[in-house]
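Input: a single structure, listed below in structure tokens.
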Amino acid sequence: MKISKNQYLIILTLILGAYYLITGIYLNHLGYYNQESIFYIEKAKIVFEGLGNRIKVMGLTSPPLPFYNTFIFSAISSTLAPVIASAIGTAILFYIIANLFIRRINDNFYLYIVLVLFFLHPGILYVACSGKAIYMVLTFFFLFFFFLLKFYRSNTTFHVSLASICLVILIFSDYKFIWLSLFFAPLVLAITLQSLNLGEKESIFRLFLSFNSPSLRRKLINKTFAIYVILFILPVASVVSYKLLNLTHSNDLNYFLESPYATWNVLVDKLNYDINTTSANYQLPELSIMISIRVIYFCPLILIAIYLFRESTYQALTILIPFAFVEFLHIKYDKLFLTYEYYLIFLILSLLCLIFKALTVSQKVLKPALVLAVLFQLYTGYTFLSKSLITDEKRFITTLTTREPNADQSESMEIAQVIDNLPKDTHVLMDDAVSYPIAAFTNDIKKLTMPYQDLFLSAIETPYRYDDYILIATAKNPFTGYTQLNNKYIPVIRTVNSGVNYKRVYETDNWILYRIISTQ
């Protein structure tokens with residue numbers, strides 16, 4: 001029985017998914033975790049096992065779609081759920097890309113190129129095995145541009161509608177991608193001009209002809225407005241609805257962006273920046289004018305992609321939009337480092353361009369150029385991770401290459417084990433804005449009194465009425481300034497409630513567990 005190409009591709013996808021899953025589980029057993037996956041683990045535990053207002057946690061945790069993908073797999077394993085989600089999601093991305101290559105080009109060479117990248121590229125391995133939500137960003141970034149390029153060819157607004165849906169999912173996977181629409185706004189006019197049936201090829205002359213003809217001018221205005229509505233109305237409506245949801249349940253439109261209880265990166269990104277800018281061996285972060293050069297160094301395939309679209313101005317401009325997007329992010333979020341995913345989008349975009357245009361140039365020239373570019377990208381994929389200014393990225397490649405245990409979360413696991421060993425009816429007051437790793441590794445989250453519960457504020461004021469223990473961040477803890485439960489809390493609460501005594505029962509560098517031993 002002969003196996004068809006589609007069946008062969010499904011088998012490859014399953015093997016790739018198993019490879020990612022085994023690698024991710026292995027890294028997990030070595031102790032590698034990142035802040036994003038730990039945050040999702042903790043919130044999923046609250047939703048499934050916690051006591052109190054869990055609906056708010058489920059609805060306002062941001063970004064919402066990666067979180068929902070994670071807790072789908074929580075029934076299998078709460079700690080492995082993010083890894084399972086990222087492994088399966090990246091395997092699906094491989095299938096989508098490889099299937100398009102088979103259908104549109106039908107040359108095994110390009111399938112091998114995609115296989116090499118998805119099996120060996122350190123960045124793709126990071127996406128698949130880290131438990132982060134980058135797989136969703138790359139998948140829907142790819143599909144968004146795919147449907148736009150399909151619209152350029154077919155002039156069917158159905159593809160714009162699909163692109164709009166992909167943009168919504170992209171925004172709810174990483175809210176920063178809302179700024180991508182900022183750069184598409186002026187391009188819509190060029191897209192509309194190209195869709196008009198005019199004999200003139202150059203856009204400037206097409207614009208001149210359109211404005212000097214009443215019927216063409218009316219058609220241009222109507223079509224431009226229609227594309228704006230189709231492309232942007234759904235993302236705008238979705239974001240407004242989500243902001244209103246946040247306003248209704250937290251009295252803050254931007255709660256999902258600014259609260260450490262809603263999103264993992266509020267404090268983590270700031271901490272990464274503060275640690276690197278104050279360290280003795282401080283490295284100069286990316287300069288704005290150098291970002292595009294770094295992108296090309298990371299992904300030389302993008303130069304080939306731009307060359308393939310050299311004869312179509314508006315399509316080339318579409319490919320260049322992500323360059324403007326990452327430059328904008330670097331300027332707007334000047335206190336944050338540009339994470340690895342914003343470089344990986346160019347790798348995915350390059351593969352998309354090959355799908356559309358690889359057959360339009362000489363294969364004798366293109367194929368050797370692709371081999372050289374891919375080999376170079378395997379090297380740069382490693383160096384960008386190993387020299388990253390972001391701790392989670394550097395720890396991943398270090399753990400993967402050395403295969404030595406990672407102790408980053410050992411302290412959190414140690415405190416969690418201490419809490420697990422407390423009597424079953426014990427209650428521990430803690431602030432998961434800063435201690436969510438401890439909550440994530442705790443087996444019985446019902447023991448914990450945390451901010452999602454209505455009684456938390458009362459417990460802060462009179463802990464002896466609600467709890468048996470209090471977890472305090474020490475002065476050495478880098479997050480100590482972001483929680484009330486820090487080294488200043490116990491002296492204050494002793495003054496307010498002089499009849500209550502607090503005894504240290506366990507202490508590490510960053511945490512102290514106090515026991516409330518007597519009450520008024």
Side-chain angles (χ1 to χ4, degrees), residues 34-37 62-63 66 86 121-127 130 132-142 144-145 170-171 173-183 257-258 263-279 281-303 305-306 319-350 376-377 379-398:
N34 58 72
Q35 298 297 330
E36 180 178 356
S37 63
S62 178
S86 63
H121 194 285
I124 301 295
L125 291 177
Y126 176 62
V127 172
S130 65
K132 293 177 75 69
I134 305 174
Y135 68 95
M136 286 198 70
V137 170
L138 298 185
T139 300
F140 290 98
F141 181 87
F142 177 88
F144 174 67
F145 277 87
L170 186 59
I171 290 169
S173 300
D174 183 345
Y175 188 75
K176 290 186 179 71
F177 278 91
I178 195 171
W179 301 111
L180 194 64
S181 57
L182 190 70
F183 300 96
L257 287 174
E258 299 170 353
T263 183
W264 63 275
N265 53 19
V266 172
L267 298 183
V268 174
D269 287 348
K270 180 175 175 54
L271 181 64
N272 277 323
Y273 186 85
D274 290 345
I275 288 175
N276 281 286
T277 53
T278 56
S279 64
N281 57 346
Y282 170 64
Q283 301 177 51
L284 186 69
E286 307 98 335
L287 297 174
S288 186
I289 58 172
M290 300 294 288
I291 291 294
S292 295
I293 297 174
R294 281 175 59 85
V295 166
I296 293 169
Y297 172 69
F298 173 80
C299 182
L301 265 178
I302 197 66
L303 291 178
I306 294 169
I319 304 306
L320 290 172
I321 278 177
F323 282 93
F325 170 65
V326 294
E327 292 283 1
F328 174 83
L329 289 183
H330 185 67
I331 295 169
K332 178 170 178 57
Y333 302 99
D334 59 330
K335 298 293 185 181
L336 305 177
F337 295 124
L338 206 61
T339 56
Y340 200 78
E341 71 177 83
Y342 298 108
Y343 293 99
L344 283 172
I345 61 175
F346 292 93
L347 175 57
I348 299 301
L349 185 61
S350 302
F376 184 71
Q377 285 185 195
Y379 168 74
T380 57
Y382 170 79
T383 57
F384 267 62
L385 277 176
S386 61
K387 296 179 181 179
S388 174
L389 297 172
I390 297 168
T391 304
D392 286 343
E393 295 177 358
K394 189 182 292 185
R395 290 286 190 273
F396 174 84
I397 198 66
T398 302

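Because only heavy atoms are used, hydrogens play no part in the values below, and waters and symmetry mates are left out as well, while side chains stay in. As the structure is a prediction and not an experimental result, all values here were calculated from the model.
Considering only heavy atoms from C-beta on, H121 comes within 4.5 Å of L344 through its side chain. At least one side-chain heavy atom of F328 sits under 4.5 Å from a side-chain heavy atom of F183. The shortest side-chain heavy-atom distance between K132 and S86 does not fall under the 4.5 Å cut-off.
For the pair P322 and I319, the tightest heavy-atom approach, listed with the atom from each and the gap, is CD-O, 3.1 Å. The two residues S388 and K394 make their nearest non-hydrogen contact at O-CE, 2.9 Å. Residues E341 and L138 share a closest heavy-atom pair of O-CD2, 4.3 Å. Annotation for M136 and S173: closest pair CE-OG, 3.5 Å, computed over non-hydrogen atoms. The two residues L301 and S350 come nearest to each other via the heavy atoms C-OG, 3.5 Å.
The backbone N or O of G381 lies less than 3.5 Å from a partner atom in the side chain of Y340, making a donor-acceptor pair. With E393 contributing its side chain and T339 its backbone, the two residues share no donor-acceptor pair below 3.5 Å. The backbone N or O of S130 lies less than 3.5 Å from a partner atom in the side chain of N34, making a donor-acceptor pair. A side-chain donor-acceptor contact under 3.5 Å links S181 to the backbone of I178. Checking side-chain atoms of T263 against main-chain N and O of S62 turns up a donor-acceptor pair under 3.5 Å. Looking only at distances, no side-chain donor or acceptor of H330 sits under 3.5 Å from a matching main-chain atom of L338.
Within the model, atoms CZ of F141 and CD1 of I348 stand 9.0 Å from one another, a figure rounded to the nearest 0.5 Å. A distance of 8.5 Å separates OH in Y135 from OG1 in T139, rounded to the nearest 0.5 Å. Rounding to the nearest 0.5 Å gives a distance of 9.5 Å between CG of L125 and CG of L385. Summarising the geometry, atom CZ belonging to F323 is positioned 11.5 Å from atom CD1 belonging to I291; distances are rounded to the nearest 0.5 Å. One finds the CZ atom of F396 at 12.5 Å from the OG atom of S386 (value rounded to the nearest 0.5 Å). To the nearest 0.5 Å, atoms CZ (F298) and OH (Y379) are separated by 13.0 Å.
Of the candidates I134, V137, D174, V295, Y342 forms a side chain to side chain contact (heavy atoms under 4.5 Å, CB included) with just one, namely D174.
Side-chain polar atoms of E327 and S292 form a donor-acceptor pair below 3.5 angstrom.
Counting heavy atoms of neighbouring residues, nucleotides and ligands inside a 6.0 Å radius, atom OH of Y382 does not exceed 12 of them.
The ring of Y343 has its center closer than 6.0 angstrom to the ring center of F384. Two rings, from F144 and F140, have their centers 6.0 Å or more apart.
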Subject >> F177/I345 under side chain to side chain contact (heavy atoms under 4.5 Å, CB included): CA gap, chis, key distance, verdict >> reply: CA-CA 11 Å; F177 278 91; I345 61 175; 4.2 Å; yes
